[in-house]
Amino acid sequence: MNSNSIIETINSLFGNLFSSIDTTIYSALDNITFIDTEILNSYYFEKIFGTSTSNGFLLIANALLIGFVLYYGITYLLSSLGILQDSVQKPSQFFFKILLGGLLMNSSFFICEELILINSSISDAIRFLGHELLGGNICFSELITQANAIIFLEGHSNNIFSIDGILKMIFSFSFFNIIFSYSVRYIMIKVFILISPFAFLSLSTRNTSVFFKCWLKSFIALLFIELLASIILIILFSITYSSKDITSKLLLIGALFALIKTNTYIRELIGGINTEISDSMYMLRTFMK
C-alpha cells in the first residue's frame with residue numbers, strides 16, 4: 001500500500017467521523033444547553049424529589065426540620081439551666097426562621113422551577129433578538145452549517161493534512177469537550193434541584209445558613225452559563241466570515257474556545273462549581289498521584 005492510499009484511507013475515516021459528528025452532536029448540544037422547565041418533567045425525578053412531605057427527599061428534609069426543633073429545645077433548656085454557657089437565640093427568632101425555612105423548603109421545587117423559567121425566558125429573548133437582528137437561528141445546529149461553509153476541506157475532499165482539515169479537526173473534537181461539559185452542567189442542575197430542600201432548610205440556623213449561600217451561588221452560576229453561551233453565539237454569528245480568509249476561520253475557532261470556557265468565566269464573575277471536563281480530569285489525575 002503506497003502513501004497515497006494510506007492518506008486516502010485516513011481522510012476517508014476522518015471524513016466519516018466528521019459527518020457523523022455533524023449530523024448527531026449539534027442537535028443534542030442544543031437540547032442540553034438551552035434548558036427549560038422540561039428538565040423537571042420526569043416521573044422518576046419528581047418521585048425522588050418527593051411529591052409530598054411524606055416521601056422522597058422532602059421526607060428527609062422535614063425529618064431534619066423536626067430534628068432542628070428538638071436540638072434547639074434541648075439547647076435552650078440547657079442554656080436556661082446554666083449548664084450550657086453558649087448564647088442561644090430567642091425562641092421568637094428561632095421559630096420565625098424555622099417557619100420561614102420550612103415554607104421555603106416545601107416550596108423549593110416551585111422556586112427552582114421559577115428560577116429555571118426566568119433564566120430560560122431571558123435566554124430565549126437574547127436568541128430571539130439575535131434572530132431578529134441577524135436573520136438566522138442562534139443555536140449550535142446553525143453553527144455547524146456556517147462552519148462547514150467556512151472551514152471547508154481542501155478541494156472539497158476530506159484532506160485532513162491541510163490547514164482547513166486541521167481546523168476542521170480542532171473544531172469537531174473541541175465540540176466533544178463542549179458537549180461533555182454542558183452534559184455535566186445538565187446533570188448538576190438536577191442534583192442542585194434535588195438538594196434544594198436542604199439548602200432552604202439551612203436558613204433556619206445561623207450555623208448552617210452558609211450552605212444556602214453556596215447552593216444559591218452555584219445554582220445561579222449553572223443557569224447563567226446558558227445566558228453567556230447565547231451571547232457568545234450572537235457575537236459569533238454577527239461576524240462576517242470568508243472561506244478564503246484565515247482570520248475568519250481563526251475567529252470561529254476562538255469563539256468555539258470561548259464557548260468551552262463559559263463555565264470558567266461565570267465562576268470568575270460570581271463563583272460556582274467546575275463543570276469543565278479538562279479541568280476535572282486534571283484534578284482527578286493530580287488526586288491519584
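Only heavy atoms go into these numbers, but all of them, side chains included; no hydrogens, no water, no symmetry mates.
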Approximate separation, where rounding is to 0.5 Å, of [X] [atom1] and [Y] [atom2]:
| X | Y | atom1 | atom2 | result |
| --- | --- | --- | --- | --- |
| K213 | S218 | NZ | OG | 14.0 Å |
| L216 | F192 | CG | CZ | 10.5 Å |
| L223 | I118 | CG | CD1 | 10.0 Å |
| L29 | F180 | CG | CZ | 11.5 Å |

Closest heavy-atom contact between [X] and [Y]?
| X | Y | result |
| --- | --- | --- |
| I138 | R127 | O-CD, 3.2 Å |
| L201 | M105 | CB-SD, 4.0 Å |
| Y182 | A229 | OH-CB, 3.9 Å |
| S230 | I126 | CB-CG2, 3.9 Å |
| L40 | I193 | CD2-CD1, 3.3 Å |
| P197 | S108 | CG-OG, 3.4 Å |

Whether F219 and W215 hold their rings parallel, tilted or perpendicular, with breakpoints at 30° and 60°: parallel
Ring geometry between Y72 and F95 (parallel below 30°, tilted from 30 to 60°, perpendicular above 60°): perpendicular
Do [X] and [Y] make a side-chain contact, defined as non-hydrogen atoms from C-beta onward lying under 4.5 Å apart?
| X | Y | value |
| --- | --- | --- |
| T205 | S209 | no |
| R185 | I35 | yes |
| I111 | F200 | yes |
| S196 | F57 | no |
| F110 | E113 | yes |
| N137 | H131 | yes |
| S238 | L134 | yes |
| I122 | L227 | yes |

Do [X] and [Y] sit in the same hydrophobic cluster, where Ile, Leu, Val, Met, Phe, Trp and Tyr count as joined when their side-chain heavy atoms come under 4.5 Å apart?
| X | Y | result |
| --- | --- | --- |
| F96 | Y71 | no |
| I187 | F45 | yes |
| I232 | L269 | yes |
| I39 | L117 | no |
| I66 | I60 | no |

N106 vs N62, side-chain contact (heavy atoms from CB on, under 4.5 Å): CA-CA, chis, key distance, verdict: CA-CA 8 Å; N106 288 287; N62 279 281; 3.1 Å; yes
Do side-chain atoms of [X] reach the backbone of [Y] as a donor and acceptor pair under 3.5 angstrom?
| X | Y | value |
| --- | --- | --- |
| T262 | I225 | no |
| D30 | F140 | yes |
| S181 | I178 | no |
| S107 | L104 | no |
| N119 | L115 | no |

Over 12 foreign heavy atoms within 6.0 Å of NZ, K190: yes
Any side-chain donor near an acceptor of the partner, T51 and N55, under 3.5 Å: yes
Any donor-acceptor N or O pair under 3.5 Å, side chains S120, S123: no
F198 and F211 aromatic centres sub-6.0 Å: no
Salt bridge (charged side-chain N to carboxylate O under 4.0 Å, His left out) partners for D36, two or more places apart: none
From L64, I98, V69, residue fulfilling side chain to side chain contact (heavy atoms under 4.5 Å, CB included) relative to S204: I98
